[in-house]
Amino acid sequence: MAEVNFKAIEKKWQDKWEEEEVFHVLDFVKDKKTPNGVTSSRSKYYVLEMFPYPSGDGLHMGHALNYTIGDIYARFKRMQGFNVLYPMGYDALGLPAENAAIKVNIHPENYTNKSISNFIKQQKLLGLSYDWSRMINTASPSYYQWDQWIFLKMLEKKIAYRKKAPVNWCSKCKSVLANEQVHDGKCWRHEDTKVEIKHLEQWFFKITNYADELLDKTDELDWPQRTKVMQKNWIGKSYGTEIIFKVNGKKWPIFTTRPDTIYGVTFMVVSAQHPELRELVSKEQKQKVEEFLKKLKSVSAYKGVSSNEEGKKELEFLEKEGVFTGNYAINPVNNEKIPIYAGNFVVADYGSGMVMAVPAHDQRDFKFAEKYGLKIKVVIEPKEYKIYERNGQISEAYTGQGNLIDSGEFSDLENEDAQKKITKFLIKKKLGREVVQYKLRDWLISRQRYWGAPIPIIYCDKCGAVPVPEKDLPIMLPKKVTFGEGNPLATNEEWIRTKCPKCKKEARRETDTMDTFVNSSWYFLRYCDPDNGKEIFDKEKVKYWMPIDQYIGGAEHACMHLIYCRFYTKFLRDLGLLDFDEPVKKLFHQGMLHGSDGHVMAKSRGNVINPLDVTTKYSTDSLRLALMSFASPNNDANWDEKVMIGSYKFLNKVIEIFDNLKIGDSDAKTESKLNKIIKEVTAQIENFKYNLAIIKIRELFNSLPEKTSKEVLEKSLKLLHPFCPHITEELWEKLEHKKFISLAEWPIAEEKKISEFFDKQDGALNKLVLDITNVLKIVAEKGRDASKVYLYVLPGEKDFYDLDELNKRIGKKVEIFEVSDKTKYDPKYVSKKAKSNRPAIYIE
RNA sequence: GCGGGAGUGUCGGAGUGGUCAAACGAGCAGGACUUAAGAUCCUGUAGCUUAGUGCUUGCGCAGGUUCGAAUCCUGUCUCCCGCACCA
């Protein structure tokens, strides 16, 4: 086999694509053409991969997989005649760059810029067909100024607001920590320092305003079922009753889904993280409460956020704990005085952060009551038996249906009926109302970090928090800051000092930056108009390109990014900038590619395969092909060098076919197979069954005869092109084409050329080969030598079997006679056994 | 605990009511070519049986629906993922 110089071929075509701007797309403008001659009045198609955080380590295999999946789809759609928007950009702001700055003393900006140019270089080597002219970088002020602009708009619409919220605080760093920086309740950099909880003023986005719409529209999305289910659970809508308890004469609304158990309330529990907790505590209990609060760990431990094994164990040990506050609440239905406890198991920002505890009918309340010896009062009796029947006490909460007992005027009602009646009663007395609660929280966007978009707010002693006027945007990140001493922006006094936009007196800038998820919540809109310096984007351009037709990325973003971007879309729609409700029509999650040992690729395990190394060794097209061959792209798979080698061999074979080919007429059999496979591959790519498409394409190339028509070869190459763009360009050129196969038309199957006959013929031949070898085997077992095979077919069937193919596959001399042939060689008269489609066999 | 998904040869993986379950790739075995190795090509790869036949077993396990089930239903086991005290 002649040595193929894949590297040279790749470089040649990557350069040509770039020089001739083959993948440059224009927005819809009538009668205009792109530099490559493609009219832009065709239907648009927007293919997008989730943009990467540009890490200093460069591209890893997960990136290569993600982008190859998208590139194949983009190339496919382009060939199908769509005006395809397929851009790339960088989610450059964020904590990792800042951590690198602290650890290796590189300024985040330098780190990020270096990483980005490395990414671009590597992505180009993978042959990805991005329109690089639309590249965006979220760390550039021309991008994040629009983050700030959106913030101002949200402030205007009362979607952005400020309130106190708990944060993780390390006293040694003098800094707020992200949840990822809290390990086992301690600071990641000071293992001896327990993380404390502080309540600071923080900015929030009121995503809960859109909770209902986010929930309702979920069903309409063409997204993976599991992602939709996750989002629904994340939003977590529940219906219930808000009941007003009085504490120190002040009204405390309590949310419950079980108003029918109101007579069973024996204590209240307020969240240990509740900002107003201290106001509830009596003098006598103050010390005990403070001790209790000290015991509790970080914010993340509260929430039980931990993904590792130890974290799970930790959670199991996280027993319900609490302490009496010394204070009481009044039950509105019977004016009973109910003790209030502070507890670690109550979520502070769900409902009002306090719950009515009904230990007889709620397992959590029961556990708590058991531990602290609190009263348990049964108010719902199941129909079939009595709860107290057995030994005068209960061993667990009864959460099922039943009739009310000991519930005043509501006694004897069925509990479901009682729910309605009690709620009605409370509404009438102005002591409650029907409410809907969501698990979804408002989005805390304040970060006490440097490498994010500065929040455009100025604090004035007189005017308070004043928004920066739009004309003053962007508020640029100052380059000169000190890392490792609390909030970096707070270390640049010169930057902080400013004038109040309202009263022009001395004022100070907000030193917090925005959560990095802000940047990725609308970037897909900016691709439609990336260089617009006057406005966030041109409405008409966005109207043309959006929504994203196909979005591709990891399932780990199901609940953060993929909800935030929906929220942003709805907000911008309400501002009048967008005329659609949902940003992403179709979503695809790629699987994870693990190491050959089945574990996640990790340096510590030594199972990392670097995609660029592989392309050097086996070529880019081989890698692309292999990545799609391991498994269906939505499934997890393990790296396997053999699959890699197999792909490499296949491509060499394709090249060899073209080296040796003779162009002539095509035969009906090849045409049939080709058209059948065109049909199958088209459907399989459309459905991301790339692995199956590849199987069919391999089958096609393996069956190509030595001599066939140019058209057959062209169509076959086109099918392979999305997977292996470089060698298909090269071979396309070899077929004397001057234009790019990248811009060629996707073949359409000609139904009339598809014939079942050839499949039957192939099947019959396979069966015959099997029969012959079976007989050969039996003969060999009997110790007889065989060198010749004679076949006897019924009249007219002789041409049904391909004698050359038989000779090749049997590896022995094969002769075919018609049974009616008088001159045939048939010493044992076996020819009389011949049946239709079943030749008689004689071997000697 | 709740929710979602998956269990098919030696392995990765196809096939989701019907003419043949295991396509395609890999491994292994045999053969051709070769001084040899590699590459390439051919054949085989559940069991028994046979001049190309026939039978049995078989899609995690156990039932069920059906003329017919890997595919639908019920139960059960195992694994993976997500959420996790949301009152």
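Chain A is the first sequence line, chain B the second, and so forth, proteins listed ahead of strands; every chain is numbered from 1.
Counting to the nearest Å, the P atom of B/A87 and the CH2 atom of A/W252 are 18 Å from each other. For the pair A/Q419 CD and B/A87 P, the interatomic distance rounds to 12 Å; values are reported in whole Å. The nearest whole Å value for the distance from the OH atom in A/Y690 to the C1' atom in B/G12 is 21 Å. The distance between atom CZ of A/R226 and atom P of B/C81, rounded to the nearest whole Å, is 12 Å. To the nearest angstrom, P of B/C83 lies 23 Å from NZ of A/K237. With rounding to whole Å, A/N635 atom CG is found 12 Å from B/C81 atom C1'. The separation between A/E321 atom CD and B/C85 atom C1' is 13 Å, rounded to whole Å. Atom CZ in A/R698 sits roughly 8 Å away from atom C1' in B/C24 (whole-Å rounding).
Pair check for B/C79 finds B/G5; Watson-Crick or G-U wobble, both atom distances under 3.5 Å. Base-pair partner of B/A69: not found among the strands shown (Watson-Crick or G-U wobble, both distances under 3.5 Å). Judged by Watson-Crick or G-U wobble contacts below 3.5 Å, the nucleotide B/G12 has B/C24 as its partner.
Listed candidates were B/C41, B/A23, B/G25. Nearest to the side chain of A/N702 is B/G25. Of all nucleotides listed (B/G44, B/A14, B/A87), B/A14 comes nearest to the side chain of A/N691. Closest contact between the side chain of A/T773 and the listed nucleotides B/G44, B/A14, B/G52 involves B/G44.
Rounded to the nearest Å, the gap between the C1' atom of B/G44 and that of B/A22 is 16 Å. B/G9 and B/G1 are spaced 38 Å apart, taking the C1' atom of each and rounding to whole Å. Here, B/A70 and B/U19 have their P atoms 11 Å apart, quoted to the whole Å. Distance noted for atom C1' between B/G13 and B/U49: 32 Å (whole Å). Nucleotides B/C2 and B/C72 are separated by 24 Å at their P atoms, to the nearest Å.
Taking for each of A/A834 and A/S632 the nucleotide of RNA chain B with the nearest heavy atom, the 5'-most of the two is the partner of A/S632. Both A/F630 and A/I695 sit near RNA chain B, but only A/F630 has its closest nucleotide nearer the 5' end.
If you check the side chains of A/D621 and A/S619, you find no donor sitting under 3.5 Å from an acceptor. Between A/Y438 and A/D212, the side chains place a donor N or O and an acceptor N or O closer than 3.5 Å (distance only, hydrogens not considered). A/T257 and A/S238 share no donor-acceptor pair across their side chains, judged by distance under 3.5 Å alone.
Across all strands, A/D636 comes closer than 4.0 Å only to sugar-phosphate atoms, never to a base (heavy-atom distances). Counting non-hydrogen atoms under 4.0 angstrom, A/A555 reaches nothing in the nucleic acid. Within the nucleic acid shown, A/S238 comes within 4.0 Å of sugar-phosphate atoms alone, with no base atom in reach, counting heavy atoms only. When heavy atoms are screened at a 4.0 angstrom cut-off, A/K767 is found touching the sugar-phosphate backbone but no base atom. No contact: A/P259 has no heavy atom under 4.0 Å from any strand. No contact: A/I772 has no heavy atom under 4.0 Å from any strand. Residue-level contact check: A/K439 touches the bases, meaning some heavy atom is under 4.0 Å from a base atom. No contact: A/I254 has no heavy atom under 4.0 Å from any strand. Within 4.0 Å (heavy atoms only), A/V346 reaches at least one base atom of the nucleic acid. Residue-level contact check: A/V347 touches the bases, meaning some heavy atom is under 4.0 Å from a base atom.
Within the 4.5 Å cutoff, side-chain heavy atoms of A/F267 are placed close to those of A/P359. For the pair A/D826/A/F817, no side-chain contact is recorded, criterion being any heavy-atom separation below 4.5 Å from C-beta on. The shortest side-chain heavy-atom distance between A/I563 and A/I207 falls under the 4.5 Å cut-off.
Taking only side-chain nitrogens and oxygens, A/Y842 never comes nearer than 4.0 Å to OP1 or OP2 of B/A51. Neither OP1 nor OP2 of B/G38 sits under 4.0 Å from any side-chain N or O of A/K649.
In this structure, A/Y829 has its ring center no closer than 6.0 Å to that of A/Y792.
Taking syn as a glycosidic angle within 90° of 0, B/G9 qualifies as syn.
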